[in-house]
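For reference, the structure discussed in these notes is given below.
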Amino acid sequence: MLLFLVFAFFIFWFTNRLQARENEFTYVSFVNAVKEEQVEQVSITQNKEVPTGVVTIKLKNDESMRTVNVSDVREVEALLDEYHLEYEMANIPQDTWVNTVLMPMLIMLIGVGVIVMLMNRQSGGANAKAMNFGKNRARMSSEKDKKVTFADVAGLKEEKEELEEIVDFLKDPKKYIQVGARIPKGVLLEGPPGTGKTLLAKAVAGEAGVAFFTISGSDFVEMFVGVGASRVRDLFQDAKKNAPCIVFIDEIDAVARRRGSGLGGGHDEREQTLNQLLVEMDGFGVNEGIIVMAATNRKDILDPAILRPGRFDRDVVVGRPDVQGREDILKVHAKNKPLGDDVDLRQIAQTTAGFTGADLENLLNEAAIFAAKENRIFIKQSDIRRSFVKVGIGPEKKSRIVSEKERRITAYHEAGHAILYHVLPDVGPVYSVSIIPTGAAGGYTMPLPEKDEMFNTKGQMLQEITVSLGGRVAEEEVLDDITTGASQDIRQATAIAKSMVTKFGMSDALGLINYDNNNGEVFIGRDFGQTTRGYGEEVAGTIDQEVKRIIDECYTKAKSLLKEYDSVLHACAEQLLEKEKLTRNEFEALFGSKEEPELAEQM
Ligand code: ADP
Ligand code: MG
Ligand code: ZN
């Protein structure tokens, strides 16, 4: 609308000008008109450039006014006096100023405005967003718009504890500087999408009451070369002015992908942006009050440069929530949604293994939509059941809904691994056991290798095989049938056994001979015929026999150990079914008090 008005005005002014030009009169015709007494009315306007001026005349048989530019107004005065014509003499008029100064300026401004608008539109929303993100975000803290705090982040207890220190630093940086404490510059939040990384970063800023500057890595992707880098520079400039504050780079993998990987265009741009980011991070001091947080779900593809000390040297893993976490998240999102008496959040939490916070939020939202459609002002359990179908049984999420039977098998499977890690001397200890589904795996048992070992011993390798087989052995305890869940374990056990025989000379039957052709996995033709194998059928048969013998022995060992720890196996599986995830302490408590107390706790 405004644009239209401006345009209309412009056209009006322009045509006016044009008309004035059309009505111009030559000096000679003017003089003739005066001599022939055709002139009815005359006025003279003095120009700034004395003595030039403009004469406006009205002819006797003509309606329109005509103008004549004259080089000397005194000449005109003399002429008019001679013919006794009355005339008005005006000084430099106001509207000359409008025409000569204001209008050109206005036109220029409008022109620039139009060009900027066109550019913005052309480069899509991303650029436009980036162009003013700094100012927008800077307002975030001063404006009292909905502040996110740790209370809004349900579950994620360990993660919040880890970030507590950052919050404290941002609240009172002096306290840390005084004692010479070094606070990390960068914190990398790592975890699957929807687990609350962005939320957590905002909550840190909210808790500390500092400004929150944010940009998403994907914002840089469509930009012109150089724009990303300059955005980064501006971002940090704004941040420095507003310290203490948080700079949050969401989806950092979009810019900080390992250099030299990935295909196609935008490469230079990404590299420039990444370089600028590294320069900025190195550029400010340790305790300047800027904490850079970044989120990714693919830490493995990040450029190692970004993980170097002094950059993102703190790593917070944001995992999928366990049962308790899911219940807490449901509670947070049910706050502004009235629930019917029949809704049991605990029970929903139990049936949503593998759901992220975002999934759960979506679940309740869909339920609310169902309720609203039926003009109810509260959510019923049936709404949730229906939305479950809608959000849960999407094509790729289908596998996420785990049946009770599957959970039970997984619980025993993981308990089997964990117990063997614990009781065998050279492997483990167990850092955590979980039956929360992650991608393809139903659960996981994470060992915590205590020593950095240069080489594996024979005993250790045998124990690794035993642990791998423990999952399957434990499953057999509760199931007569055999599942496919242990295929990965079996492959691993076989690989270890095979290398013991062919590479490390750990089998008496074959002795200290290397039967491994050293090409490893790289050589494609490896399994095609004897020439690449380097040994005959007979030896091949012996290798297979030896591998089988090792696996069988380990299997028997696993079986007998799990029989011995039968009660722990059941207890562990029960606890896993209930809590879904056990920490090291919770797990070790299952073995009773004969265990020594934690070293970590003694300190
Ligand atoms: P990410 O950045 O890890 O992909 P987000 O932080 O964007 O995930 O989370 C998306 C949404 O999911 C949040 O806005 C919030 O509504 C919900 N959510 C995720 N995790 C939690 C949590 N722990 N507590 C409460 N809500 C959560
Ligand atoms: Mg996010
Ligand atoms: Zn397993």
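Counting from 1, the numbers follow the sequence of the chain as shown. Computation of the quantities below employed the complete heavy-atom set of this structure, encompassing side-chain atoms and omitting hydrogens, waters and symmetry-equivalent molecules. Whatever order the structure lists ligands and atoms in, that order sets their numbers, starting from 1.
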Nearest-option assignment for atom 2 (O) of ligand 1, heavy atoms, candidates Val318, Thr296, Thr198: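 Answer by nearest heavy atom: Thr198.
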Option set Gly191, Pro321, Pro192, Gly357, criterion heavy-atom distance to atom 18 (N) of ligand 1, minimum: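 It is Gly357 that holds the nearest heavy atom.
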Which of the atoms in ligand 1, numbered in the order shown and given with their element, are less than 4.0 Å from a heavy-atom of [X]?
X: Pro193; value: 4 (O)
X: Ile329; value: 22 (C), 23 (N), 24 (N)
X: His333; value: 15 (C), 16 (O), 17 (C), 25 (C), 26 (N), 27 (C)
X: Asp152; value: 24 (N), 25 (C)

Return the residue, atom name and 0.1 Å-rounded distance of the protein heavy atom closest to [atom].
atom: atom 6 (O) of ligand 1; answer: Leu199 N, 2.9 Å
atom: atom 10 (C) of ligand 1; answer: Ala358 CB, 3.9 Å
atom: atom 23 (N) of ligand 1; answer: Ala154 O, 2.8 Å
atom: atom 8 (O) of ligand 1; answer: Gly196 N, 3.2 Å

Is a donor from one side chain sitting under 3.5 angstrom from an acceptor on the other, for Gln492 and Gln488?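 No, no side-chain donor-acceptor pair sits under 3.5 Å.
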Could you check whether Gln381 and Arg386, counting side-chain N and O atoms only, form a donor-acceptor pair closer than 3.5 Å?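 Note: Arg386 and Gln381 side chains miss the donor-acceptor criterion.
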Would Glu361 count as a polar contact of ligand 1, with the cut-off being nitrogen or oxygen pairs under 3.5 Å?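 Between Glu361 and ligand 1 (N or O atoms, distance only) the closest approach is not under 3.5 Å.
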Is it the case that over 12 heavy atoms from other parts of the model lie below 6.0 angstrom from the [atom1] atom of [X]?
X: Lys559; atom1: NZ; answer: yes
X: Glu158; atom1: CD; answer: no
X: Lys157; atom1: NZ; answer: no

Side chain to side chain contact (heavy atoms under 4.5 Å, CB included), paired with Cys554, selected from Val467, Leu420, Leu469: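 Output: one option passes, namely Leu469.
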Measuring from the heavy atoms of Gly194, does anything fall under 4.0 Å of ligand 1?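 A heavy atom of Gly194 does come that close to ligand 1.
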Could you tell me whether Arg408 and Glu404 make a salt bridge, using a distance below 4.0 angstrom between a side-chain N and a carboxylate O?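 No salt bridge links Arg408 with Glu404.
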Presence of salt bridge, Arg298 and Asp300, under 4.0 angstrom: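 Arg298 and Asp300: salt-bridged.
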Would you indicate whether the side-chain heavy atoms of Arg472 and Asp489 approach each other to under 4.5 Å?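 They are not in side-chain contact.
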Angular separation of NE2 (His413) and OD2 (Asp489) seen from the Zn ion (ligand 3), to 10°: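 Vertex at the Zn ion (ligand 3): approximately 90°.
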